[in-house]
Amino acid sequence: MKYAIGIDIGYGNTKLVTAANWSSFSSLVGNFEEGINIPDFGGRPLEVVDLGGEKYLIGETARKHSTRIYSSRDRGWIASKAYRALLKFALQKCNLKEGDTAAITTGLPAAYFRTDKELLAALIAEVAEEARITAKVSILPQPMGAFFAQFFDEKGHVLDERLASGRVGILDIGYYTTDLVTLDHLDIVDKQLGSIESGVSTALEAIKRDLYDAWQVNLDLHRTEEALRKGKVTVFGEERDITSIRNQRLKELAGEIESQARTIWGNAADLGRILLAGGGAALLSEHLSFYRHAKIVRDPAYAIANGFFRHAIRKCI
Ligand SMILES: Nc1ncnc2c1ncn2[C@@H]1O[C@H](COP(=O)(O)OP(=O)(O)OP(=O)(O)O)[C@@H](O)[C@H]1O
Ligand SMILES: [Mg+2]
């Protein structure tokens with residue numbers, strides 16, 4: 001069988017889109033703890049991957065059970081065991097069988113695209129070979145996924161011809177970074193490919209400090225994100241509303257991203273369209289008003305992986 005697979009491995013979450021389903025898991029890799037292999041693990045399957053005989057826990061399973069989490073932001077992430085584990089786990093979730101052929105499209109942060117794309121292609125080839133599947137691999141800068149999600153429909157046919165002509169700007173607001181790409185008649189504008197060192201975690205760090213200052217409650221970033229989602233936090237058994245803290249910090253983050261984008265795009269008058277994607281675009285939707293022709297794409301958090309899937313489908317036609 002021939003399959004199309006779109007994988008977007010972010011610093012925060014790994015997103016996977018196939019014809020069968022969309023799924024995501026936290027980009028966390030931790031050590032395997034003996035003794036947790038109990039069959040009735042809260043009814044959820046254990047997220048575990050085997051690299052050369054050594055087991056690793058992934059996602060929420062790692063968050064819950066690992067005593068050691070392998071950091072995902074070290075330099076050389078692509079070459080790390082943690083990255084290989086995330087990639088292998090994502091492929092494992094596709095349930096491919098020996099002998100299958102898969103068109104796999106994935107991406108790299110804009111900042112590492114040029115330096116690491118061969119490395120990533122080699123890594124995917126290796127992981128595919130171990131699973132005895134034939135992989136046709138494409139590697140793109142991550143924001144390109146958002147473009148292909150607009151450009152192709154779910155069958156891989158061109159949906160919006162006009163995107164192929166003129167200039168299109170794409171902003172992918174992620175967990176640690178915001179990636180920016182400009183396309184000119186489908187070509188990447190070299191000077192306008194890069195990463196801004198602000199993302200959702202920038203706001204989370206600030207909110208975490210605010211919560212401590214206000215109520216001496218010390219949450220890690222994961223629990224800060226939960227509080228942000230709920231708009232409240234429980235301190236000594238009492239619920240506190242945090243919407244004003246949240247709005248203030250999200251507004252600041254949107255402003256920071258705006259001023260950085262302006263250093264590259266200026267007033268963006270020469271861009272026919274601006275696409276906003278990534279989970280951060282969903283989170284900041286009320287605060288992103290800086291370019292009047294900018295539009296948040298549909299399902300922004302999944303848009304990158306979804307566009308990669310649509311790109312991969314073209315290879316199966
Ligand atoms: N639908 C949503 N609504 C609100 N916030 C969201 C939504 N989806 C994701 N987010 C927030 O956006 C954050 C960033 O998500 P995303 O998956 O785009 O990051 P990432 O791709 O892992 O990071 P990076 O691109 O920096 O590697 C999430 O951690 C979450 O806080
Ligand atoms: Mg991302």
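If you read the sequence from its start, that first residue is 1, and numbering goes on from there. Just follow the structure's listing: the first ligand is 1, and inside any ligand the first atom is 1.
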Point to revise | Exam field: side chain N31 to backbone L57, donor-acceptor pair closer than 3.5 Å | key: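 Side chain of N31 to backbone of L57: no pair is present.
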Check your understanding: Taking the side chain as C-beta and beyond, is there a heavy-atom pair between V168 and L186 under 4.5 Å?
Key -> no
Point to revise | Ring centers of W22, F309 separated by less than 6.0 Å | key: no
**Study point:** F148 and F308 aromatic centres sub-6.0 Å
**Key:** no
Practice item. Could I get the full list of side chain to side chain contact (heavy atoms under 4.5 Å, CB included) partners for A131, not counting sequence neighbours? Key: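 Expected list: I133.
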Point to revise | Carboxylate-amine/guanidinium proximity below 4.0 Å for D241 and R246 | key: no
Practice item. Can you tell me which residues line ligand 1 if we count any heavy atom under 4.0 angstrom from one of its atoms, in chain and number order? Key: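 Within 4.0 Å of ligand 1, the protein residues are G10, Y11, G12, N13, K15, I173, G174, Y175, Y176, T177, V200, E225, G278, G279, G280, A282, L283, A301.
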